[in-house]
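Report on the structure given below.
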Amino acid sequence: MNENQKILVIGSSNTDMTVKTQTLPRPGETLIGGEFKMGAGGKGANQAVAARRLGGDVTFVCKVGRDLFGDNSIKGYEREGLDTSRILRSDKPSGVALIMVDAKGENCISVASGANSDITEADIDSVSDLIREASLLVLQLEMPTPCVLKAAKLAFESGVKVLLNPAPACALPDEIFRYIFLMTPNQTESEFFTGVPVHDEESAAKAAEVLRGRGVKDVIMTMGSKGSMAFTEEGAFFTPARKVQAVDTTAAGDTFCGALAVAIVEGKSLKEAAGFATAASALTVQKMGAQESLPYRNEVK
């Protein structure tokens, strides 16, 4: 077992405002009778909290505003047991996400990035010691791309594995792909980065081949209710999704990534890690909200 099991998550912190309705509104349409909830979110924060609840030793670096949302977010992360000692503050407002969820659990999300967009390359330099000390660095794309690149490069050059969840999909410099140990795109993101529409195992393999050809070591492609396809040095394998009644798919992918991170630093194979992550994300979709829906390790077992 790897003695160093430190997980460092650098990413976004948001406050989620969620409304659940029977159907998602069309442009210009107002729907009455929704159920409102407010809670903690942001892909970086979701993945950090998920990894912590699943037993990980997690440090979380993000940037929040000097406002009530920022103060409440940090207090929440401290309650979860995250190391928050290096969280940064900004004069911009804290990030906010507006989420709508329909009766089938499908969602649409609009994000006001706020302080998340204020993360700088100098900020990444300021936590370079944390990057070098980690066993695994987890990144997403809700902060400026140059910062993602800088963090990934620092980790790679320090022998630290990088897990990139490429969401929300955006243009990335070619250089970054060779720094990635594990990339976890969904079908839409896979098509964005490769130009290959993914709808079955054969097309998923073609997309993964493109990503690995660009330098990514391993790819685990999430495919919603079907499960996930992995293309790794251990070989290719499919992990079917658990059959559950989905209530809200928000943060399911973040749970999957957080669980993968914990399993990887514990020395599990990627096949074992995918099984663990699949069980964790199946629990997440059965509850409303982002961080309030994230499972604990005893539940996954």
Side-chain angles (χ1 to χ4, degrees), residues 5-9 11-12 16 39-60 76-77 79-82 101 105-107 135-140 161 163-167 181-187 189 218-230 232 234 237-301:
Q5 297 187 11
K6 291 182 179 296
I7 298 169
L8 173 62
V9 181
S12 56
D16 289 349
K43 296 193 71 63
N46 294 345
Q47 292 172 20
V49 172
R52 180 69 191 114
R53 288 188 181 182
L54 295 170
D57 178 3
V58 186
T59 298
F60 180 42
Y77 304 146
R79 285 194 297 270
E80 293 289 348
L82 293 172
V101 184
E106 293 300 323
N107 63 43
S135 175
L136 180 71
L137 172 64
V138 181
L139 298 168
Q140 326 76 33
K161 292 178 178 177
L163 189 163
L164 175 65
N165 176 223
F181 163 74
L182 177 61
M183 190 169 177
T184 59
N186 62 23
Q187 290 165 273
E189 293 151 5
D218 295 317
V219 178
I220 296 182
M221 196 176 298
T222 57
M223 304 178 74
S225 59
K226 296 177 183 177
S228 65
M229 281 295 309
T232 76
E234 302 168 11
F237 55 86
F238 173 70
T239 304
R242 301 295 182 98
K243 300 301 180 185
V244 297
Q245 183 63 47
V247 174
D248 180 5
T249 57
T250 305
D254 295 330
T255 303
F256 191 88
C257 289
L260 283 177
V262 172
I264 288 167
V265 300
E266 290 181 351
K268 292 182 172 63
S269 69
L270 288 181
K271 189 166 188 176
E272 292 172 316
F276 179 64
T278 297
S281 56
L283 289 164
T284 297
V285 301
Q286 295 180 72
K287 297 179 182 178
M288 279 284 291
Q291 284 170 39
E292 56 265 60
S293 72
L294 304 178
Y296 291 88
R297 185 148 187 155
N298 63 319
E299 297 176 271
V300 179
K301 286 184 177 181

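For the single chain, residues carry numbers from 1 onward in sequence order. Model, not experiment: these values are computed from the prediction. Note that these values count all heavy atoms, side chains included, but never hydrogens, waters or copies made by symmetry.
In this structure the side chain of I7 reaches within 4.5 angstrom of the side chain of V138, judged on heavy atoms. Using a 4.5 Å cut-off on side-chain heavy atoms (C-beta onward), P166 and T184 make contact. For the pair L164/L182, no side-chain contact is recorded, criterion being any heavy-atom separation below 4.5 Å from C-beta on. Proximity of N186 to M221: side-chain heavy atoms (C-beta onward) are nowhere separated by under 4.5 Å. For the pair V58/K6, no side-chain contact is recorded, criterion being any heavy-atom separation below 4.5 Å from C-beta on. Considering only heavy atoms from C-beta on, F256 comes within 4.5 Å of T222 through its side chain. Taking 4.5 Å as the limit, every side-chain heavy atom of L163 sits out of range of all side-chain heavy atoms of L139.
Of the possible polar contacts, none joining the R53 side chain to the Y296 backbone as a donor-acceptor pair under 3.5 Å is found. Side chain of T255 to main chain of L294: no donor-acceptor pair is present (N/O by atom type, distance under 3.5 Å, no hydrogens or angles). In terms of modelled atom types and a separation under 3.5 Å, the side chain of Q47 and the main chain of G44 share no donor-acceptor contact.
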Worked check of side-chain contact (heavy atoms from CB on, under 4.5 Å) between L260 and F276: CA-CA 7 Å; L260 283 177; F276 179 64; over 6 Å; no
From CA spacing to verdict: side-chain contact (heavy atoms from CB on, under 4.5 Å), L54, V300: CA-CA 8 Å; L54 295 170; V300 179; 3.5 Å; yes
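Residues that satisfy the salt bridge (Lys or Arg N to Asp or Glu O under 4.0 Å) test with R242, not counting sequence neighbours, are absent from this structure. Applying the salt bridge (Lys or Arg N to Asp or Glu O under 4.0 Å) test to K268 and every residue at least two apart in sequence or in another chain returns E266. Q187 is linked by a side-chain hydrogen bond (donor to acceptor under 3.5 Å, both in side chains) to nothing, counting only residues two or more places apart in sequence or in another chain. Partners of T59 according to the side chain to side chain contact (heavy atoms under 4.5 Å, CB included) rule, which considers only residues two or more places apart in sequence or in another chain, are L8, D83, L130. Take Y77 and apply the ring pair (Phe, Tyr, Trp, His ring centres under 6.0 Å) test, not counting sequence neighbours, and it matches F60.
Pairing each heavy atom of A274 with each of T239, the nearest pair is CB-OG1, 3.6 Å. Between A280 and P295 the shortest heavy-atom distance is O-CG, 3.5 Å. The two residues A277 and A259 make their nearest non-hydrogen contact at CA-CB, 3.5 Å. Considering every non-hydrogen atom in both F238 and K226, the closest pair reads CZ-O, 3.2 Å. Taking all atoms of both residues into account, the shortest heavy-atom contact from S135 to V265 is OG-CG1, 3.8 Å. Annotation for G42 and S12: closest pair C-OG, 3.7 Å, computed over non-hydrogen atoms.
The side-chain hydrogen bond (donor to acceptor under 3.5 Å, both in side chains) with N46 is formed by just one residue from the set D254, D16, N165, T284; it is D254.
If you take CD1 on I264 and CG on D218, they are separated by 8.5 Å, rounding to the nearest 0.5 Å. Atom CZ of residue F181 and atom CG of residue L270 lie 5.0 Å apart, to the nearest 0.5 angstrom.
Note on residues 273-283: no pairs pass salt bridge (Lys or Arg N to Asp or Glu O under 4.0 Å), not counting sequence neighbours.
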